[in-house]
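Note that these values count all heavy atoms, side chains included, but never hydrogens, waters or copies made by symmetry.
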Amino acid sequence: MEDRVKIFDKSFRIYIREQEIQQGVLKCAMELNMKYANCSSPPLVISLLNGAAFFTVDLVRRLEFMTKVDFIKYSSYDGLDTTGEHKRLIGLKESIEGQDVILVDDIIDSGYTIQRVVELVKEQSPKSITVVALIYKPTTIKTDVNIDHYAIKMLDDAFIVGYGLDYNEVGRTLSDIYILD
Ligand code: 5GP
Ligand code: MG
């Protein structure tokens, strides 16, 4: 565990240590364990690649109920969809109609990304959608999208890397979270 890391041209310093991150993951898992204790069929966890993959794996291993897990991308493709958006959900393997969905993302900054993803998931008529985020920034959010559960609340408006979060695709593999110096 280093106190500073350099990625390409940028210097980062330690911000949230692994132990604190894992406490946040456990908090999220406990909230979900209460919520889904009596669910009739296994909910579908949908994790947004690449950032949320690391958080998702740690989270689902702490769940005390059975789930399905799928990893998807919210990505560009050629052409526009009917709403004029350039991005769509790629990789959903099965219909999610009538299922309880637990949508997992890495960081909610403006909230526009997760809001659009929630809209796209809703189009497929799930029974319910619960949004879970690793990092929730209440001071930068610009939408009224509901974040049901989060591991860590971040009050600083700054760029961070580690535990799934990247700078130009690097830094995701760090166990701690670092902030731009
Ligand atoms: P939003 O649409 O909420 O403004 O942005 C969400 C997405 O932007 C996240 O899923 C993440 O990919 C990226 N993002 C936002 N803030 C940060 C940050 O501080 N660090 C990194 N690495 N990515 C961020
Ligand atoms: Mg993302």
*Identify the two heavy atoms, one from Lys137 and one from Ala158, that lie closest to each other, and give their separation to 0.1 Å.*
NZ-O, 3.2 Å
*Do the rings of Phe8 and Tyr167 sit parallel, tilted or perpendicular, given the 30° and 60° boundaries?*
perpendicular
*Among Asp176, Asp106, Asp58, which one satisfies side-chain hydrogen bond (donor to acceptor under 3.5 Å, both in side chains) with Tyr163?*
Asp58
*Specify the closest pair of heavy atoms between Val101 and Pro126, including all atoms of both residues, with the distance to one decimal.*
CG2-CB, 3.8 Å
*Would you please indicate yes or no on a ring centroid separation below 6.0 angstrom for Phe12 and Tyr178?*
no
_Heavy-atom side-chain proximity of Tyr15 to Ile152 below 4.5 angstrom_ = no
*Return yes if some donor-acceptor pair links the side-chain N/O of Asn33 with the main-chain N/O of Glu64 below 3.5 Å, else return no.*
yes
_Taking atom CG as the centre, does Asp9 end up with more than 12 heavy-atom neighbours from other residues, nucleotides or ligands that are less than 6.0 angstrom away?_
yes
*Any donor-acceptor pair under 3.5 Å linking the side chain of Arg61 with the backbone of Val57?*
yes
*Atom CD of Gln124 with >12 non-hydrogen neighbours under 6.0 angstrom*: yes
*Which value, rounded to the nearest 0.5 Å, describes the distance between Leu134 atom CG and Leu59 atom CG?*
9.5 Å
*Do other residues, nucleotides or ligands put more than 12 heavy atoms under 6.0 Å from the CD atom of Gln23?*
yes
*asked:* Could you report the tightest heavy-atom contact between Leu120 and Arg88, atom names first, then the distance?
replied: CD1-CA, 4.2 Å
*Residue pair Met154 / Ile135: nearest heavy atoms and the distance that separates them*: CB-CG2, 3.7 Å
*Indicate the atoms forming the closest heavy-atom contact of Ala52 with Val104, along with that distance.*
CB-O, 3.5 Å
_Would you compute the distance between atom CG of Leu92 and atom CD1 of Ile46 and round it to the nearest 0.5 angstrom?_
4.5 Å
*To the nearest 0.5 Å, tell me how far Asp166 CG sits from Arg172 CZ.*
3.5 Å
*asked:* Do the side chains of Glu119 and Lys122 get close enough for a salt bridge, i.e. N-O under 4.0 angstrom?
replied: no
*If you measure from CD1 on Ile141 to CD1 on Ile147, what distance do you get to the nearest 0.5 Å?*
5.0 Å
*Closest contact, heavy atoms only, Ser95 versus Gln99*: O-NE2, 3.0 Å
*With a 4.0 Å cut-off, would you call Asp100 and Lys127 a salt bridge?*
yes
_Within-4.5 Å side-chain heavy-atom neighbours: Asn50 and Glu169_ = yes
*Pair Tyr36, Thr67: side-chain N/O donor-acceptor within cut-off below 3.5 Å*: no
*Decide yes or no for Val132 and Phe55: does some side-chain heavy atom of the first lie under 4.5 Å from some side-chain heavy atom of the second?*
yes
*Could you tell me whether the side chain of Val131 reaches within less than 4.5 Å of the side chain of Asp105, counting heavy atoms only?*
no
*Distance from Leu155 atom CG to Tyr136 atom OH, nearest 0.5 Å?*
10.0 Å
*Apply salt bridge (Lys or Arg N to Asp or Glu O under 4.0 Å) to Lys27 and list each qualifying residue two or more places apart in sequence or on a separate chain.*
Glu31
